[in-house]
Amino acid sequence: MAEITKRSEDYSRWYLDVIREAELADNSPVRGCMVIRPNGYAIWENIQRDLDDRFKALGHVNAYFPLLIPKSFLAKEAEHVEGFAKECAIVTHHRLKQVTHPDGRVDVVPDPESKLEEEYVIRPTSETVIWDMYRKWIQSYRDLPLLINQWANVMRWELRTRMFLRTTEFLWQEGHTAHATAAEGRQETLQMLETYRRFAEEALAMPVVAGTKTANERFAGAVETYSIEAMMQDNKALQAATSHDLGQNFAKAFDVKFQSAEGQVDHVWATSWGMSTRIVGALIMTHSDDDGLVLPPRIARAKAVVVPIWKNDEEKAAVCEAARRLAAELRPAIGPVHVDDRDNLRPGWKYSEWERKGVPLRLEIGPRDVAGQTAVLKSRHDRAKTTVPFAGIVAGVEAELARIQDDLLARARRRLVANTCRVDTWDDFVDLFENRGGGFAMCHWCGDGHCEQMVQDKTKVTIRNIPFERDETPGACVHCGKPSRGRVLFAQGY
RNA sequence: CGGGGCGUGGCGCAGUCCGGUAGCGCAACGGCUUUGGGAGCCGUGGGUCGCAGGUUCAAAUCCUGUCGCCCCGACCA
């Protein structure tokens with residue numbers, strides 16, 4: 001089997017090695033697309049389940065809108081079309097025709113006679129179809145708020161792709177809500193960002209910085225965009241989720257009006273918010289190490305793996321029996337537990353395999369353990385090894401999984417804090433990103449988009465967001481020196 | 001679109017400069033011994049060398065063309 005490149009050698013290769021070795025995904029025959037393998041999809045399923053519960057608890061319901069969007073819809077909101085036009089896939093025909101080349105080769109081509117009257121765009125996002133439907137569904141304030149989410153695939157024809165982080169097709173959830181007032185819309189936008197923030201910390205053990213995007217980085221068609229930004233192990237920032245206050249832009253573009261209790265007619269107020277399979281990439285880069293994938297127990301498919309150890313058939317029967325009984329006892333309390341009783345592999349091989357694949361906890365049971373009624377516990381993330389008696393093992397394993405979950409968050413948070421600093425001069429700023437490995441730089445900024453763009457052109461560093469919790473002591477812009485009302489988060493981004 | 005790299009059994013690669021019987025490791029299969037941190041030995045099966053032309057007695061190797069993939073840039077909700 002191929003080795004995993006060390007993070008210190010080549011971070012980007014390490015990332016791809018981990019994905020390959022943990023069997024999370026594979027390249028597809030279609031350039032830019034990826035196949036999500038069972039191990040990778042299991043992570044996404046756990047993310048879906050957890051997030052979906054949170055959405056439902058807040059009153060949202062799921063629906064499904066079509067993949068194909070009439071081309072004309074995209075044009076209805078001016079900024080929106082500008083943002084997405086460059087990366088849309090277009091469906092132009094509805095039939096193939098078999099042709100035989102002169103050399104006898106059989107091929108299929110689009111049948112010219114099946115050319116569509118109106119071409120369709122494969123959704124890069126669903127605002128337009130959804131708002132076209134909302135026009136029909138919303139009449140009065142009694143229809144509001146309308147709180148719909150959908151789990152779907154979308155397609156954006158990116159030039160340069162990377163597994164999970166940026167693929168031509170990806171999976172996500174997109175929430176689309178309609179409200180009677182601007183304040184309600186804004187409240188919803190912030191509530192969903194907070195939902196993402198808590199999910200990231202509680203389930204993914206991923207600390208994030210929540211804040212407002214600058215005008216340059218705003219979603220096409222939004223009044224305000226918010227994001228949570230996580231720090232990867234190479235000190236780059238990754239936008240883990242966004243939520244958008246769309247104001248009345250889409251309601252106006254699609255003519256969605258409602259009658260208030262007082263009888264007035266007004267356009268509704270909209271929001272949208274999303275988290276995508278990109279988060280799986282963030283998860284990999286937050287916790288994993290040179291030996292492979294590391295996953296927080298909350299999101300791992302198998303919470304633990306039991307490896308029985310034996311020398312002969314007699315011992316094999318005894319340890320496998322004990323292993324299965326143990327797994328059966330654990331499952332109701334902690335969820336999926338895998339028993340690896342393959343007889344063609346030695347224990348050492350199994351250990352390294354499950355370590356590569358990121359199973360949080362390993363239990364070893366050998367003849368000595370059976371004799372002493374104990375099991376050896378080994379945690380993936382810090383290699384901590386303990387011996388626990390069978391009696392009370394459920395509580396012991398539960399406690400260890402809780403410790404792992406907490407430890408991963410604490411570890412990631414220490415890294416975030418350690419690599420976040422204040423930078424007040426341009427020389428320092430350049431030095432930080434060119435010579436000292438970068439990080440999150442909290443700097444003063446004048447608020448001018450041109451100034452922001454110049455920083456990006458010079459250094460590839462962007463303003464990730466304007467943190468909600470920020471130092472608002474006035475100062476001077478780190479780039480141009482003009483007055484600033486507070487610090488913003490600068491970093492290199494994914 | 002620019003720069004770099006790569007297409008050779010299932011996977012990873014050598015062989016290409018300098019043309020001459022397609023090899024190695026892992027995996028697979030069979031057998032025996034093994035099993036508390038990546039097992040050992042013996043045996044077996046499996047490859048139109050990305051594709052198309054050309055040069056040659058002879059092409060994985062040289063020439064021309066072409067397709068594809070990966071990485072780095074440019075671009076980017």
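Quick note on labels: first sequence line is chain A, next is B, and so on, each numbered from 1.
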Looking at the side chain of [X], which of [options] is the nearest nucleotide?
X	options	result
Lys460(A)	A39(B), A74(B), C76(B)	A74(B)
Arg166(A)	G38(B), G36(B), C76(B)	C76(B)
Arg162(A)	A74(B), G38(B), C72(B)	C72(B)
Glu355(A)	G37(B), A39(B), G36(B)	G37(B)
Ser352(A)	G37(B), C76(B), G73(B)	G37(B)
Gln239(A)	G36(B), U35(B), A77(B)	A77(B)
Arg31(A)	C69(B), C76(B), U35(B)	C69(B)
Pro347(A)	A77(B), A74(B), G36(B)	G36(B)
Ser12(A)	A77(B), G36(B), C71(B)	C71(B)

Within the structure, does a side-chain N or O atom of [X] lie under 4.0 Å from either OP1 or OP2 of [N]?
X	N	answer
Asn27(A)	C70(B)	yes
Arg160(A)	C72(B)	yes
Ser276(A)	A77(B)	no

- Message: Quick check against the 3.5 Å criterion: does Arg278(A) have a side-chain atom that pairs as donor or acceptor with the backbone of Leu165(A)?
- Response: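 Between the backbone of Leu165(A) and the side chain of Arg278(A) there is a qualifying donor-acceptor contact (under 3.5 Å).
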What I want to check is whether an N or O donor and acceptor connect the side chain of [X] with the base of [N] at under 3.5 Å.
X	N	answer
Lys378(A)	G37(B)	yes
Arg362(A)	G37(B)	yes
Glu315(A)	G36(B)	no

Round to the nearest Å and state the distance from [X] atom [atom1] to [N] atom [atom2].
X	N	atom1	atom2	value
Trp349(A)	G38(B)	CH2	P	12 Å
Leu16(A)	G12(B)	CG	C1'	16 Å
Arg13(A)	G12(B)	CZ	C1'	12 Å
Tyr15(A)	C72(B)	OH	P	12 Å
Asn344(A)	A39(B)	CG	P	11 Å
Leu159(A)	A77(B)	CG	C1'	14 Å
Asn312(A)	G36(B)	CG	P	13 Å
Asn216(A)	C76(B)	CG	P	11 Å

Remember a base hit wins even if backbone is also touched, and classify [X] as base, sugar-phosphate or nothing at under 4.0 Å, heavy atoms.
X	value
Val307(A)	nothing
Pro367(A)	base
Tyr351(A)	base

Quick one about [Y] and [X] (side-chain donor to acceptor, distance below 3.5 Å, no hydrogens or angles considered), yes or no?
X	Y	result
Glu127(A)	Ser272(A)	yes
Asn235(A)	Tyr11(A)	no
Glu188(A)	Gln191(A)	yes

- Is the Phe254(A)-Tyr134(A) ring centre distance short of 6.0 angstrom?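 Judged by ring-centre distance (under 6.0 Å), Phe254(A) and Tyr134(A) do not meet the cut-off.
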- Item | Sub-6.0 Å ring centroid separation between His80(A) and Trp131(A) |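 Not close enough - the centres of the two rings lie 6.0 Å or further apart.
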- Query: Starting at the 5' end of RNA chain B and moving along, which residue's nearest nucleotide shows up first, Glu353(A) or Glu217(A)?
  - Reply: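 Its nearest nucleotide lies further toward 5', so the answer is Glu353(A).
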- Residue whose nearest RNA chain B nucleotide is more 5′ - Thr242(A) or Leu345(A):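 The answer here is Leu345(A).
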- Message: Can you confirm whether Thr195(A) sits close enough to Phe199(A) that some side-chain heavy atom of one is under 4.5 Å from a side-chain heavy atom of the other?
- Response: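 Answer no - side chains too far apart.
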- Item | Note, Pro124(A) side chain near Glu87(A) side chain (heavy atom, < 4.5 Å) |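 The answer is no; the side chains never approach within 4.5 Å.
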Mind checking the [atom1] distance from [N] to [M]? Whole angstroms is fine.
N	M	atom1	value
G50(B)	C67(B)	C1'	8 Å
U8(B)	C13(B)	P	9 Å
A27(B)	U44(B)	C1'	14 Å
C76(B)	G4(B)	C1'	23 Å
C49(B)	G10(B)	P	13 Å
U16(B)	C75(B)	C1'	37 Å
U21(B)	A59(B)	C1'	14 Å
C11(B)	G46(B)	C1'	14 Å

- Message: What stems show up for RNA chain B when you take Watson-Crick pairs (N1-N3 plus N6-O4 or O6-N4) and G-U wobbles (N1-O2, O6-N3), both under 3.5 Å, and require three or more consecutive pairs?
- Response: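 The stems are B:1-7 with B:67-73, B:10-13 with B:23-26, B:28-33 with B:39-44, B:50-54 with B:62-66.
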- Message: Is the positively charged end of Arg362(A) above the ring of Tyr351(A), judged by distance under 6.0 angstrom from the centroid and angle within 45° of the axis?
- Response: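 Yes, Arg362(A) sits over the ring of Tyr351(A).
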- Message: If the test is side-chain hydrogen bond (donor to acceptor under 3.5 Å, both in side chains), which one of Lys350(A), Lys357(A), Arg356(A) qualifies with Glu353(A)?
- Response: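 In the set Lys350(A), Lys357(A), Arg356(A), the residue that makes a side-chain hydrogen bond (donor to acceptor under 3.5 Å, both in side chains) with Glu353(A) is Lys357(A).
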